[in-house]
Amino acid sequence: MDPVPQPSPSRPPPGVPPIRLGFPVKVLGRPGLRSHDSRRWQNRPHLSVSLAYLRDLLLYLDRVDIRLYRMSGQLAPYLTHPERPEFHRQLEECATELAALGDLARELRLRLTLHPGFYVRLGSPDPDLVARSMAELTAAADLLDAMGLGPEAVMVVHVGGPGGERAQSRTRFVRVVETLPERVRSRMALENDDRHFGLPDVLWIHRRTGIPVVLDVLHHHCLNPLDLSLGQALKLARATWPPALPGKIHLSSPRTEVRPLVRNGKVRLQWPLPNQHSDFIHPFEGIQVLRRIRDLALAPMDVMVEAKAKDVAVLRLRAQIRRYAPDLAGWVQGLGRPETSDAP
Amino acid sequence: MMSAHPPYHPHARELQRRVLVAVMNNPRDLRRAASEGWYRIPQRRAPRQLGADYLAFYQTGAFRGHPEAHTVTFYAPVRGYRLLTRRELLPQEPLHPRADEFYFRIDIGPLIRLDRPVPAAKLRRVTFIPTTLGHLLRAQDVTELFLDPDPLQALWQALQAHRLRPLAHRLVGEWPVDIALRAQGGYLGIRLSPEETGTRERMVRYRGEPWLVLELPQARLQEDLEGCLREIGVALLELGGAMDTRPGPPPRFIT
C-alpha cells in the first residue's frame, strides 16, 4: 500500500535558516547604484571608491530584504595587474574601510560571495595563466578576510583548461589547489560548467580537495553526462558542503527569444542559445527547484539568481512564489515573516 | 588649486558619471578642499548614496557676499574614501566632543569651476543630492539636479515637513525597518516593500518596547504619498500619538 503523502512543513525546522535568493553584481532596481569603481587606470580608480559604492548597495539590499549578493570581481581595480604596481597596496590602504563594510554586512545578515574573473583557470596548461589565477584568488581571499567575513563568503571558480584534456585539467587543478595557502583554499567553491566540466568532474575534484560544489542548474541541464536527475544533482552538490554551512546553487533560465543584432548598419537575427541567461527566471521552473530543495531537506541552501534583470528578477521571482507557491512562503527568505510575534 | 575654465568636453559616457552634491557651509572647509584636497562627512549622517565619481559643493549662506553663495560652483573628481575618527582627521582639535566619532574623509582632486554655476533659487535647504555629471553641467537650478525621486527620501522629507523626527533604518529584531518614529506608547516602524501588495501591519515587541511595523508598497508611496501619510498618522494615533514633534500645530495628516 502506498504511504499517505505527508504535507510539506510550512517552514524549515528550528535553527535552519530559510533559502536566500540573491543576485550578482549589478543593481538595476535602483538607478545610480554602482557595483565598483570602473574608471580606467589613467583616472586613478581605487578600492575605497568601490567600497563606498558597495556600502550604498548594501543599504539598498537591506531595504529590499535581499540577503545574498555576489560582489564585483573588480572591486579592487588593477590590484594584481603586473604592470601597475601603484595599485597593489589597495587592500592595506583600505583596511579600516574593509572591516567596517564587513561589519555592516554582518549586521545586515548578508552573505557576500565573489566570482573572480573569467581568466582564473587553475586547470590550464599555461603556467603564466595559472600563476596569474593564483595571484587573483589569493587577493580575493585577502579581501574577504580583510572584511572579516565568515566561511560562507566563498569565491566561486570554474575548473578552466582545455575541454579536450578533461582528465589532465582536473588533475592540474587539484595539484595547483594543493599549493595554495589554506586561507585561500578554504574560501573556494567550484562550479560545474556547461561545456567541458560537468557535475561528475567537479565532484571528482571535491573528493580530492574538499572544495564544495556550487551546482549551476542551467549548466547541469546543458552538460549532464551521467543523466543525473535534478534531485540527484542537488543532493550530490549539497553533500559537498559542511552541514552547518549554507550550500549554494546558481539558478537561471535559458533565453528563448530571437534578438536583432545590428552590425555595419545591417540587422541580423540571432537565435537564442540554451546556455544564455534570460532576463527573468521561469517562475514555475524556479519554484520546482525550490520545492526540491525543501522536499529533499537540503536547507540551509542559498540560491544565486543569474538573470539579466538582476535584483529586479529576484523581486519578481519572490512575488511569483508568493502568488503561485504559497507553500514555499516560509521557506524563502524575504517572503514569510511571522505574522505576530515577540521578535527575538 | 581652482582652475577657472578647464578645456573639458565630456563625452556621453562621462556625462553618466555619478556626482554627489554636498553642502559646504564654511569658507574654511572650502579652502581646505582646495588646498589639502579633502572633505568630510560624519559617518552617522552620511547619505544613503555616498559613492560618486565627483563631489560637487553647494555653498550655503555662510558665503554671503560671495557670488558663489547659494550656488553649486565647484566640483572635483573623487580620489578615495577613508574612515577616520575626527581626532585623526583634525589632530589640532583633540578635545572636540565628537573627537572619537568616525567620519568619511573624501579625498578629491583639484576643484573645477563650473562654466555655469547652478543657483538654488527655489530651494535653499539643500542636503546631499546624488546626481550625474550631465545633470550638473546642464542644470539651471539646483532642483534640476534631482534624478528619479527616491520614495524613501520623499517620505522622509514629507515626515519632516510635518514636523516629525524620522529616525534612519534599523533592525527591530529580525525586522529591518526603513524609518522609525517614536510614539507615546511605543515605536512606529515603516518599511517600504518592493512588492505590489497592500499595506500590512504587525505588532511586535522588541527589547521590551511595542513596535507597530507598517509595510508600505513602494509603488503606492510614489503614487499616493498623501494616502500613505494618512495611514502613518492613524498608526501613530494607535500608539498614543507622535513624540518628538517639533513645535507648531499638530501634523496635518492626522487631523
Side-chain angles (χ1 to χ4, degrees), chain A residues 29-39 43-67 90 93-101 107-109 311-312 314-316 318-320 322-323 333-335 337-344, chain B residues 13-14 16-18 20 43 46-53 77-85 88 102 104-107 109 130-132 147-148 150-152 168-178 191-197 200-208 211 213 215 218:
Chain A
R30 180 90 206 114
L33 290 179
R34 302 264 285 271
S35 58
H36 63 283
D37 187 354
S38 58
R39 292 178 290 184
N43 293 323
R44 298 164 62 181
H46 199 272
L47 170 62
S48 73
V49 178
S50 290
L51 295 179
Y53 284 130
L54 184 57
R55 167 218 176 251
D56 301 348
L57 203 151
L58 298 192
L59 293 178
Y60 163 75
L61 294 181
D62 181 45
R63 265 180 65 189
V64 292
D65 205 7
I66 291 177
R67 311 275 160 199
Q90 291 176 87
E93 288 161 7
C94 293
T96 308
E97 293 75 17
L98 282 164
L101 212 55
E107 186 187 324
L108 303 180
R109 289 166 300 159
D311 52 322
V312 180
V314 171
L315 298 177
R316 187 177 170 86
R318 287 201 322 210
Q320 289 167 331
R322 185 174 275 136
R323 176 164 181 192
Q333 181 273 325
L335 287 183
R337 291 175 174 281
E339 287 304 319
T340 57
S341 74
D342 230 6
Chain B
R13 188 187 160 118
E14 194 66 10
Q16 293 303 313
R17 294 282 179 202
R18 312 306 301 182
L20 178 65
Q43 189 188 21
R48 293 183 78 90
Q49 273 185 245
L50 179 71
D53 300 303
V78 169
R79 299 284 187 231
Y81 292 77
R82 279 191 278 169
L83 255 182
L84 298 169
T85 60
E88 293 167 308
F102 274 93
F104 285 104
R105 169 180 159 142
I106 306 180
D107 291 315
T131 187
T132 66
L147 305 176
D148 296 337
D150 176 354
L152 181 66
H169 65 282
R170 59 198 55 216
L171 279 175
V172 182
E174 64 175 44
W175 299 74
V177 298
D178 293 310
R191 179 176 154 67
L192 301 198
S193 161
E195 286 146 22
E196 292 171 11
T197 53
R200 290 186 290 193
E201 273 185 35
R202 296 181 185 95
M203 275 307 287
V204 294
R205 287 194 77 79
Y206 180 58
R207 292 185 177 162
W211 280 77
V213 178
E215 198 166 345
Q218 204 160 295

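Convention: sequence-line order gives letters A, B, ...; per-chain numbering from 1. Values below: all heavy atoms of this structure, side chains included; hydrogens, waters and symmetry mates excluded.
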Original post:
Do the charged groups of A:Arg34 and B:Asp53 touch, with an N to O distance under 4.0 Å?
Top reply: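 The answer is yes: the pair qualifies as a salt bridge.
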Original post:
Would B:Arg202 and B:Glu215 pass as an ion pair if we require N to O under 4.0 Å?
Top reply: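 Looking at B:Arg202 and B:Glu215, the cut-off is met.
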Subject >> Contact origin within A:Arg316 toward chain B - heavy atom pairs under 4.5 Å >> reply: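 When you check distances to chain B, no heavy atom of A:Arg316 falls under 4.5 Å.
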Subject >> By salt bridge (charged side-chain N to carboxylate O under 4.0 Å, His left out) - contacts of A:Arg44 (at least two apart) >> reply: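 With sequence neighbours excluded, A:Arg44 shows a salt bridge (charged side-chain N to carboxylate O under 4.0 Å, His left out) to no residue whatsoever.
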Original post:
Of all of B:Pro130, B:Pro77, B:Ala52, which one pairs up most often with chain A through heavy atoms under 4.5 Å apart?
Top reply: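 Option with the greatest count: B:Ala52.
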Original post:
What is the distance from atom CG of B:Leu83 to atom CZ of B:Phe104, rounded to the nearest 0.5 Å?
Top reply: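 If I round to the nearest 0.5 Å, the distance is 4.5 Å.
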Subject >> Interface moiety of B:Asp107 toward chain A, non-hydrogen atoms closer than 4.5 Å >> reply: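 For B:Asp107, neither part sits under 4.5 Å from chain A.
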Original post:
Between A:Ala52, A:Pro45, A:Cys94, which shows the greatest number of heavy-atom pairs under 4.5 Å with chain B?
Top reply: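 Among A:Ala52, A:Pro45, A:Cys94, the one with the most close pairs to chain B is A:Ala52.
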